Amino acid sequence: MDIDVKSLHPLEIKVLLHVQAGEQLTSEKIQTELGYKLGQCNQAFSWLSAKQLIEETSRVTRIQYELTGLGKSVIEIGFPGERMFKLLQEHGALPLPRIAEILGLDKSDIGSAFGKLSKQGVFGMTAEKQAELRKKVLPRDLILARELVLRGADGPVENESLTEEEREVIQSISKKRGAAGAPFRVVEREDIIYTLTSAGIEAAAVLRAKQITGEELGTVTQEMLASGSWKNKTFRSYSLNAPPSRVLLGRRNPYAEYLQWVKDKLVSLGFEEFDGPLVETEFWNGDALFMPQFHSARDIHDVYYVKEPAYAREIPQPYLDQVAAAHEDGWKTGSRGWGYEFDRDFTRRQVMRSQGTVLSAKQLPKAEIPGKYFGIARCFRYDQVDATHGADFYQTEGIVLGEDVNLRTLLGLLKMFAEEVAGAEEVKYVPGYFPFTEPSIEVHIKHPVLGWFELGGSGIFRPEVTQALGIDVPVLAWGLGIDRMALMHLGLNDLRDLFTPDIESVRMRRGK
Amino acid sequence: MPKIEVLTETFYRDLGQKYTDEQLEEILPSAKAELDGRDDEAGVLKIELNDTNRPDLWSSAGLVRQLKTITGNEIPFYNFFSNEEEEFECAERIVEVDPKLENIRPFIAAFAVTGKAVNEAVLKDIIQTQEKLCWNFGRKRRSIAMGVYRNDLITYPVQYRAADPDAVRFVPLQMEQELSLRQINEQHPKGKEFGHIVAGFPLFPFLDDANGQVLSYPPVINSADIGAVQEGDSELFIELTGTVHDDVLLAASIVACDLADSGFTILPVKIVYPYDTDYGREVVTPYYFQKPAAAELTYVHKLLGYELSPDQAVKALKRMGIFSVCDEGMLYAVVPEYRNDFLHPVDVIEDIMIGHGMKNFSPIMPDSFTFGRITREEEFARKVKDIMIGLGFQEMMYNYLGSRKNFITRMNTEGAEYIQIANPMTENYEFVRASVIPSLVESESVSGNAVYPHKIFEVGKTAFLDAEDNSGTVTRNILGFLAADTAIGFNEISSTISAILFYLNRDYMLKELEDTRFIAGRCAAVYVGNTRAGLFGELHPVVLENWGIQMPTAAGELDLDLLLSNT
């Protein structure tokens with residue numbers, strides 16, 4: 001067996017060096033000969049046993065009587081019987097309630113002491129119902145009890161050391177499970193005898209050979225450094241693989257870290273971040289995106305409406321007029337429009353932002369050309385909350401404006417995202433549908449872990465969207481479904497876990 | 001997005017060849033469709049259609065038509081459409097419209113079919129078409145409803161009239177006794193579902209024939225005799241009513257094309273209106289009303305980034321089932337009878353893109369130079385997060401929607417500033433958080449088993465009522481933080497605030513605060529200059545008790561937008 005003596009604690013080392021092969025090793029021996037406290041002794045034995053350096057050869061159970069708090073006070077003030085005896089000696093006969101009053105004892109304690117000593121003929125009751133003394137000496141059991149509590153003050157009284165008579169007395173004044181206080185409590189002790197195993201003998205030999213004594217220095221203290229007491233001494237080697245204690249640290253949330261990574265990635269690709277309020281109008285949430293006001297996706301069962309204020313005061317001009325005209329007859333965009341009367345009250349209706357594209361639309365009036373913009377936007381959907389749907393969630397969206405952007409640059413952009421953001425191995429484009437883009441493209445990627453999946457949707461904003469918001473160049477619009485990758489990154493499979501309130505699970509969460 | 005089921009056998013028979021799932025997944029994207037699943041026991045394929053402006057694809061026949069076009073390169077031809085110049089003979093097949101319908105449900109289109117017995121597959125597809133058309137395209141029957149009848153029981157002319165909802169009675173499908181139209185609204189399951197569409201009018205739409213035999217009460221329910229179509233029927237009468245003429249005509253055209261593709265002969269019906277419509281007072285349906293779509297070839301090139309020749313563009317459209325010609329750089333496309341989704345030249349361009357094949361467009365990188373940058377708010381938030389982490393806090397992230405109970409009641413506040421959702425799905429998500437503190441307190445309440453001390457924070461958004469703003473609300477970037485341990489109190493949090501604001505380089509002052517969430521006298525408002533930028537304090541034991549928290553807890557928040565604007 002290969003013995004790593006470095007992993008031994010000084011308490012173990014001293015024990016190993018102290019006993020000889022075959023010698024009986026007991027707690028008592030180590031306490032007296034090495035000055036260990038009982039606890040230290042137990043620790044040393046338990047560690048050494050676990051390492052199979054010592055082994056148990058026999059085990060004996062013995063009973064001890066330990067003085068309780070009440071026992072200690074009895075030494076000072078005496079047993080109730082003793083005190084009554086003394087009082088009656090001094091005052092003569094007294095009624096029991098009066099005795100209780102003078103001694104400050106419970107009537108029940110006085111009652112039971114009187115009853116017991118009366119039986120032994122020490123006390124008696126006068127015709128006037130007063131307790132009186134009938135013997136001049138205390139009964140033998142009370143004298144023995146006093147001797148026993150005095151012995152108890154020097155340490156536990158061993159059952160083995162008692163006579164039959166003493167044992168009877170001590171048991172009568174020992175606390176039993178569930179009983180009221182008593183001067184003694186019964187304690188069972190196990191005496192275990194160990195001997196060194198062959199590995200233990202070997203370990204002791206190695207310790208001697210390496211001149212390890214167990215007196216090496218442990219923790220470096222300020223005093224040690226100030227006094228120089230460390231000089232000419234050696235430092236104990238620590239066990240390297242002992243489990244270290246846990247540190248609670250301040251830490252980022254790994255999902256937030258992932259989103260930040262995506263942001264930084266997009267910034268590195270030349271995108272500028274945008275942001276906006278959580279409460280939006282139907283105008284920005286749908287109308288400006290050329291979704292007809294009667295579109296099925298704008299149903300009450302898809303969008304959360306704000307109760308109060310239900311309507312925004314106004315929609316900025318000239319965008320309101322231009323968007324309204326684009327819906328009605330196409331305005332000057334070359335479109336025939338949706339051919340219905342645009343509802344200017346409905347457009348002010350306030351909703352919780354339901355799609356990140358809102359921010360893209362709002363960016364258009366202030367966008368630079370050429371320009372690249374993005375946002376990671378919290379969105380809200382009227383959905384049953386489950387493993388794949390949240391009441392609120394993040395969408396990653398953006399736009400690219402430029403005189404020369406077109407379908408092929410859109411495909412290039414998607415390829416760039418697929419490779420840079422998603423680490424895709426292969427990319428596939430298929431026609432898609434979004435109310436605000438034409439043409440529309442979905443990008444599917446082959447991810448090294450997740451396999452084929454839809455990374456995102458994109459397209460070229462319809463001229464009804466861009467021109468009504470003052471932009472005359474093509475605008476590429478895109479959105480990436482990064483939640484799936486975020487879940488994979490975090491080793492989760494339930495969207496609800498991204499926003500868990502559970503502190504411990506967030507503390508323990510690591511990214512891949 | 002509509003999902004349809006097609007009978008696998010019929011689908012492949014109509015397509016003229018069987019495809020593996022892989023092959024199917026190759027060709028479905030040309031119809032913006034995806035295979036959503038299959039049920040081999042029932043012998044059906046489940047297919048999801050993504051384009052909400054292409055109701056012609058929402059049936060087995062319609063999807064087959066599109067896929068056959070792109071694989072077989074044949075433009076479908078239908079010989080039963082009337083148009084502005086040419087009208088088909090209808091003989092006695094006439095529908096007369098009541099003038100009183102003009103403001104109720106003014107439009108109807110109809111035709112009869114014959115030549116073949118109706119089998120299970122056809123019936124199933126008709127019912128599916130009816131459902132998808134009327135639900136998704138017809139806005140749950142509001143703008144389009146469809147009825148199918150046994151043509152041999154009908155005596156023309158059919159009357160489309162406005163009827164007294166209490167006087168007119170008939171036996172509806174799925175019932176045995178006669179009910180008035182109003183009783184149908186109250187008692188019949190379809191009445192309960194769709195009756196509201198017309199319930200507000202004094203008269204309800206109603207269809208009966210020359211003998212007063214009832215066809216239906218559109219948009220709600222058919223009659224139990226003429227309106228009860230079964231397998232084996234060989235003559236059907238089909239009508240669609242609605243509020244938008246083009247939509248009604250288009251939906252009728254789609255159904256007619258589907259049935260023609262299934263081998264039926266279409267017999268046109270003349271609709272006679274007592275009022276003017278865009279297509280006159282007499283409209284023979286199915287009616288071709290679409291105008292040609294056009295796109296300049298230079299625009300096609302610009303948008304696609306690829307110089308297709310006129311011939312390539314025409315061929316691409318042909319693969320999509322669209323006949324076109326190119327004349328002096330202008331591409332003119334004849335819109336198919338079953339489509340009406342060409343609003344702008346870009347819509348033609350998308351069909352050219354799909355017809356030409358996605359594979360034939362190679363990606364190129366956008367080459368314009370632009371600056372990348374995060375927002376000032378994000379930059380500031382990152383600085384704040386760094387400080388919080390240095391102070392030993394764990395970053396958390398929370399949902400922004402929650403319940404009155406968690407946001408307001410348990411927090412021992414009035415919650416007057418909270419934004420309420422008008423149409424919550426459940427009371428669990430009925431309010432928008434106006435403060436980060438309830439989110440943090442909820443964390444503490446569910447984390448009693450996590451090793452203490454607890455120090456957590458979030459930088460996120462809150463939104464609350466603010467009459468000053470155009471929307472009556474504001475959204476703010478907020479730092480919220482919470483600490484819970486055996487010896488956490490005002491002083492610890494005050495030190496935290498002091499450290500944060502020191503490193504953010506903002507001078508601050510504390511003022512007394514009255515806030516029932518905190519113990520009075522152990523909370524403070526944080527002022528930066530004259531602006532109240534935050535607050536903190538020891539959470540009141542009432543709040544802790546409400547949440548079942550048994551550890552002293554203190555929390556605070558700082559408005560990062562205010563701090564940022566207050567340098």
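Here the structure is a predicted model, which is why all the values come from computation and not from measurement. Here is how names work: the chains are called A, B, and so on, in the same order as the sequence lines, proteins then strands, and each is numbered from 1.
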Interface moiety of [X] toward chain B, non-hydrogen atoms closer than 4.5 Å:
X       : answer
F271(A) : backbone
F461(A) : neither
L413(A) : both
V385(A) : side chain
R509(A) : neither
E257(A) : neither
E368(A) : neither
Q350(A) : side chain
L249(A) : backbone
K372(A) : both
L476(A) : neither
S505(A) : neither
L259(A) : side chain

Do any N or O atoms from the side chain of [X] and from the backbone of [Y] form a donor-acceptor pair under 3.5 angstrom?
X       : Y       : value
E395(B) : R251(A) : no
Q394(B) : I503(A) : no
R252(A) : I389(B) : no
D469(B) : A312(A) : no
D392(A) : L401(B) : yes

Looking at chain B, which one of [options] has the largest number of heavy-atom pairs inside 4.5 Å, strictly under?
options                            : value
F380(A), F434(A), F274(A)          : F380(A)
D275(A), V506(A), V430(A)          : V506(A)
P474(A), G330(A), A256(A), G402(A) : A256(A)
E314(A), K415(A), M416(A)          : E314(A)
M352(A), R246(A), R496(A), Q260(A) : Q260(A)

Find the distance between [atom1] ([X]) and [atom2] ([Y]) and round it off to the nearest 0.5 Å.
X       : Y       : atom1 : atom2 : answer
T333(A) : L343(B) : OG1   : CG    : 9.0 Å
E442(B) : D502(A) : CD    : CG    : 10.5 Å
Y382(A) : N423(B) : OH    : CG    : 6.0 Å
Y340(A) : S143(B) : OH    : OG    : 13.0 Å
E350(B) : T437(A) : CD    : OG1   : 7.5 Å

Can you confirm whether [X] sits close enough to [Y] that some side-chain heavy atom of one is under 4.5 Å from a side-chain heavy atom of the other?
X       : Y       : answer
T500(A) : M397(B) : no
M396(B) : P501(A) : no
N406(A) : L303(B) : no
R462(A) : H344(B) : yes
H454(B) : R507(A) : yes
T370(B) : E272(A) : no
Y429(A) : P363(B) : yes
T473(B) : P309(A) : yes

Counting only heavy atoms not in [X], do more than 12 sit closer than 6.0 Å to its [atom1] atom?
X       : atom1 : result
K461(B) : NZ    : yes
D278(B) : CG    : yes
N470(B) : CG    : yes

For [X], which atoms come within 4.5 Å of any heavy atom of chain A: side chain, backbone, both, or neither?
X       : result
E377(B) : neither
K302(B) : both
N340(B) : both

Could you go through the salt bridge (Lys or Arg N to Asp or Glu O under 4.0 Å) check for R382(B) and D264(A) one step at a time? CA-CA 12 Å; R382(B) 290 182 183 186; D264(A) 289 346; 3.0 Å; yes

By ring pair (Phe, Tyr, Trp, His ring centres under 6.0 Å) - contacts of Y429(B) (at least two apart): none

Going by side-chain hydrogen bond (donor to acceptor under 3.5 Å, both in side chains), name the pairs with one or both residues in residues 353-363 of chain B, residues two or more places apart or in two chains. R408(A)-S362(B)

Which is it for E378(B) and K263(A) under the salt bridge (Lys or Arg N to Asp or Glu O under 4.0 Å) test, yes or no, and what are the steps along the way? CA-CA 10 Å; E378(B) 169 75 6; K263(A) 281 187 182 184; 2.8 Å; yes

Options V446(B), N50(B), L304(B), ranked by heavy-atom pairs under 4.5 Å with chain A, top entry: L304(B)

For chain A, which candidate among I364(B), V346(B), T475(B) shows the most heavy-atom pairs at distances under 4.5 Å? I364(B)

How about Y433(A) and N53(B): does a side-chain donor come under 3.5 Å of a side-chain acceptor?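 Judged by distance alone, the side chains do pair up.
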
